[in-house]
Amino acid sequence: MLVNDKMQQGYIYDYAEPTGQNFAKEFTPALSPQQMLELGVFEGHYLNDCQAEFPSQWFENARLSLQQPDISANYFGIKSRLSLQEWQRCKWIIEPDPRGWFQWYCRYYMGRRIQNVDAVQIKRWKSFKRHEAQVRLNCLPMDLDCRRRQRQALLQWAYDPFF
């Protein structure tokens, strides 16, 4: 795959695994990138300029906001993300994925594997599970109005927020 978009020029990667298969044993996301986009993540404004890198069906029913971020595009209708600048300041951006965790997940889902990068990102994903525990501890089952910000964040990390 050759990537030429607003944030990355001339980046080339290969697929080592079939799409959506052969994930690391400890990496068990509940949602695919397509499901996440269809439910509504990142204010609809995440992969807008790099859609050619990913399957077109991912975007057919995606909740997108092409001009600017729009919190109504999020499933829970609430802002639940930090800016890219904040991610960069905190050193949460791991090359070669300048857009962050979700870009890594999309590429991993498509079959790209980079052992050291994958290990770090999977560790970060696993640590996010604490948010699920907090929602379960503080909310009644299926009370989707309870802790909407954390539920949106769970959705944006490929966890099932509907419990």
Side-chain angles (χ1 to χ4, degrees), residues 1-64 69 74-75 79-136 149-163:
M1 171 62 64
L2 171 63
V3 177
N4 284 305
D5 60 41
K6 184 173 133 184
M7 294 184 70
Q8 201 167 36
Q9 296 288 313
Y11 174 61
I12 298 173
Y13 66 92
D14 294 316
Y15 302 126
E17 298 292 345
T19 299
Q21 298 179 33
N22 301 334
F23 289 5
K25 166 179 75 161
E26 68 275 18
F27 184 55
T28 56
L31 301 165
S32 70
Q34 180 176 345
Q35 290 170 312
M36 294 168 66
L37 291 165
E38 289 175 355
L39 286 167
V41 291
F42 307 108
E43 299 167 23
H45 198 73
Y46 192 88
L47 300 176
N48 290 341
D49 73 307
C50 60
Q51 291 182 18
E53 182 180 346
F54 304 106
S56 60
Q57 64 264 29
W58 285 14
F59 302 96
E60 288 172 1
N61 297 308
R63 296 175 71 173
L64 300 177
N74 281 349
Y75 183 88
K79 183 175 177 143
S80 180
R81 70 177 178 98
L82 298 173
S83 68
L84 178 61
Q85 292 77 18
E86 184 66 13
W87 275 62
Q88 291 167 335
R89 187 187 70 73
C90 292
K91 299 186 179 3
W92 293 335
I93 300 294
I94 300 168
E95 291 300 329
D97 304 313
R99 296 171 193 265
W101 186 87
F102 186 59
Q103 183 178 44
W104 167 82
Y105 177 42
C106 290
R107 290 172 171 176
Y108 186 90
Y109 189 90
M110 293 300 301
R112 185 195 73 179
R113 299 293 186 270
I114 303 173
Q115 186 175 4
N116 59 331
V117 173
D118 297 347
V120 170
Q121 294 291 26
I122 290 169
K123 182 178 179 182
R124 293 178 68 224
W125 173 82
K126 286 170 52 177
S127 75
F128 208 81
K129 188 154 182 82
R130 71 187 183 278
H131 292 282
E132 180 182 322
Q134 291 172 355
V135 174
R136 287 187 187 278
R149 187 175 316 276
Q150 277 186 303
R151 288 180 187 274
Q152 183 69 42
L154 286 166
L155 176 60
Q156 292 174 181
W157 282 80
Y159 283 93
D160 180 358
F162 309 106
F163 52 84

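Only a predicted model underlies this, so the values are computations on that prediction, with no experimental measurement involved. Atoms considered below: every heavy atom in the structure, side chains included; atoms not considered: hydrogens, waters and symmetry mates.
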Spacing of D49 atom CG and N4 atom CG [to the nearest 0.5 Å]: 11.5 Å
Any M36 side-chain heavy atom under 4.5 Å of R63 side chain: no
Residue pair E17 / R113, side-chain heavy-atom distance below 4.5 Å: yes
Contact list for residues 153-163, test side chain to side chain donor-acceptor pair (under 3.5 Å), sequence neighbours left out: Q152-Q156
Worked check of side chain to side chain donor-acceptor pair (under 3.5 Å) between Q134 and Q150: CA-CA 9 Å; Q134 291 172 355; Q150 277 186 303; 2.4 Å; yes
Derivation and outcome, side-chain contact (heavy atoms from CB on, under 4.5 Å), residues Y46 and L64: CA-CA 8 Å; Y46 192 88; L64 300 177; over 6 Å; no
Validation row, ring centre W104 to ring centre F27 under 6.0 Å: yes
Side-chain ion pair, E53 and R107, N-O less than 4.0 Å: yes
Aromatic plane relationship, Y105 with Y109 - under 30° parallel, 30 to 60° tilted, over 60° perpendicular: perpendicular
Set of side chain to side chain contact (heavy atoms under 4.5 Å, CB included) partners for E86, sequence neighbours left out: L82, S83, R89, C90
Minimum side-chain heavy-atom gap I94-R124 below 4.5 Å: yes
R112 side chain vs Y13 backbone, donor-acceptor pair below 3.5 Å: no
With R151 via salt bridge (charged side-chain N to carboxylate O under 4.0 Å, His left out) - residues at least two apart: none
Salt-bridge present (R99, D5; N to O < 4.0 Å): yes
Beyond-backbone contact of F23 with P29, side-chain heavy atoms, under 4.5 angstrom: yes
